[in-house]
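Okay, structure first, notes after.
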Amino acid sequence: MLLLGVLSTLAGCGSPRRRAPTIAGVPDPAPDVDLSCVPYARSRSGISLRGDAWQWWAAAEGRYLRGARPAPGNVIVLARTSRLPSGHVAVVSRVVSSREIRVDHANWASGSGRGRVARDQPVLDVSARNDWTAVRVWYPRIGDYGNTVFAAHGFITPRLDLAGR
């Protein structure tokens, strides 16, 4: 029953586990600061977007490169759903395979994990076409992936899209 309670109340990010490499030139927030995913992703990636996480995909159009393939430093944008009313963003720390990445993100948990930073957390692409439109995210408190499949818009690259201006 506890597991069901944890899964049903998850709204966004977990507690620190392993330290992933920082992104060159981008400061890391202080370890004792509680964050939501948006200011954390903004700080780690250097992407200067505002609004809820789900709004980042549209807001990036014409300002940043967007795509369907992950790369370290990119930000994955999860869609707004009833489970994620504000959506979610996370910074890709590394690509493990064509179907697995690791991310650093904040506020991917409930209870005492809420507002904490989680590093090097696995994310699986479970989309039928291997296009990262459907993902499962690791839950540190249960030490496994949750059952929920989240819709993903794609990845935002921190470089400005100067050609599109």
Side-chain angles (χ1 to χ4, degrees), residues 2-3 5-57 59-60 64 66 70-81 83-97 99-126 132 135-159:
L2 176 61
L3 177 60
V6 168
L7 292 175
S8 67
T9 60
L10 286 170
C13 315
S15 61
R17 291 288 187 238
R18 289 183 292 168
R19 182 136 178 104
T22 57
I23 298 167
V26 177
D28 204 18
D32 59 343
V33 174
D34 285 351
L35 293 172
S36 69
C37 63
V38 167
Y40 180 78
R42 187 181 309 117
S43 172
R44 284 297 307 279
S45 69
I47 292 175
S48 184
L49 296 175
R50 302 281 183 216
D52 288 339
W54 67 271
Q55 296 171 312
W56 275 38
W57 187 251
Y64 295 94
R66 302 183 307 170
N74 286 1
V75 172
I76 186 170
V77 180
L78 301 185
R80 178 170 65 168
T81 67
R83 294 274 314 275
L84 290 175
S86 296
H88 187 70
V89 288
V91 180
V92 177
S93 57
R94 61 187 167 116
V95 176
V96 175
S97 71
R99 290 275 191 174
E100 182 181 352
I101 60 174
R102 299 297 169 94
V103 300
D104 296 344
H105 56 170
N107 202 33
W108 189 257
S110 61
S112 64
R114 172 162 259 149
R116 303 290 182 183
V117 172
R119 294 181 176 274
D120 208 40
Q121 300 296 295
V123 176
L124 285 178
D125 171 21
V126 294
W132 289 91
V135 300
R136 290 179 63 210
V137 181
W138 186 261
Y139 289 108
R141 287 186 65 184
I142 64 170
D144 201 354
Y145 292 97
N147 292 325
T148 303
V149 174
F150 295 97
H153 292 293
F155 299 90
I156 301 172
T157 301
R159 291 189 325 269

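These numbers come from the heavy atoms of this one structure, side chains and all, not from hydrogens, waters or symmetry mates.
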Salt bridge (charged side-chain N to carboxylate O under 4.0 Å, His left out) partners for Arg99, two or more places apart: Asp125

Do Arg44 and Asp104 sit within salt-bridge range, that is, some charged N less than 4.0 Å from a carboxylate O? yes

I need the minimum non-hydrogen distance between Gly87 and Ala53, along with the two atoms involved. C-CB, 3.6 Å

Between Tyr145 and Trp138, how do the two ring planes meet: parallel, tilted or perpendicular, split at 30° and 60°? perpendicular

How far apart are the C-alpha atoms of Arg94 and Asp120, what are their side-chain angles, what is the distance that settles it, and do they pass the side chain to side chain contact (heavy atoms under 4.5 Å, CB included) test? CA-CA 8 Å; Arg94 61 187 167 116; Asp120 208 40; 2.8 Å; yes

Does some side-chain heavy atom of Val38 sit less than 4.5 Å from a side-chain heavy atom of Val89? yes

Heavy-atom closest pair (Ala152 atom, Leu78 atom, distance to 0.1 Å) is CB-CD2, 3.7 Å

Only residue of Val123, Val135, Asn74 satisfying side-chain contact (heavy atoms from CB on, under 4.5 Å) with Ile101 is Val123

Any chance you could measure Ser45, atom OG, to Trp56, atom CH2, to the nearest 0.5 Å? 5.0 Å

With distance as the sole test, does Gln55 use its side chain to make a donor-acceptor pair with the main-chain N or O of Asp52 at under 3.5 Å? yes

How about Arg102 and Val96: do any of their side-chain heavy atoms sit closer than 4.5 Å? yes

Say whether, by atom type as modelled, one donor and one acceptor occur between the side chain of Ser43 and the main chain of Pro39 under 3.5 angstrom. no

Would you please test Ile156 and Leu49 for side chain to side chain contact (heavy atoms under 4.5 Å, CB included) and show each step? CA-CA 11 Å; Ile156 301 172; Leu49 296 175; 4.2 Å; yes

Look up atom NE2 in His153 and atom CH2 in Trp57, then write down how far apart they are to the nearest 0.5 Å. 8.5 Å

Go through it in stages, so that I can follow the logic: the residues are Val77 and Arg66, the test is side chain to side chain contact (heavy atoms under 4.5 Å, CB included), and I'd like the CA-CA distance, side-chain angles, deciding distance and then a yes or no. CA-CA 10 Å; Val77 180; Arg66 302 183 307 170; over 6 Å; no

Any side-chain heavy-atom pair of Val137 and His105 under 4.5 Å: yes

Within the 4.5 Å heavy-atom criterion, are Tyr64 and Thr157 side-chain neighbours or not? no

In the structure I gave you, are the side-chain heavy atoms of Arg119 and Ser93 within less than 4.5 Å of one another anywhere? no

Can you list the steps and then say if Arg42 with Arg50 is a side chain to side chain contact (heavy atoms under 4.5 Å, CB included)? CA-CA 9 Å; Arg42 187 181 309 117; Arg50 302 281 183 216; 2.7 Å; yes

List the atom of Ala71, the atom of Val92, and the distance in Å for their closest heavy-atom pair. O-CB, 3.4 Å

ring-ring contact (aromatic ring centres under 6.0 Å, His included) partners for Trp132, two or more places apart: Phe155

Does any N or O in the side chain of Arg136 come within less than 3.5 Å of the main-chain N or O of Gly146, such that one atom is a donor and the other an acceptor? yes

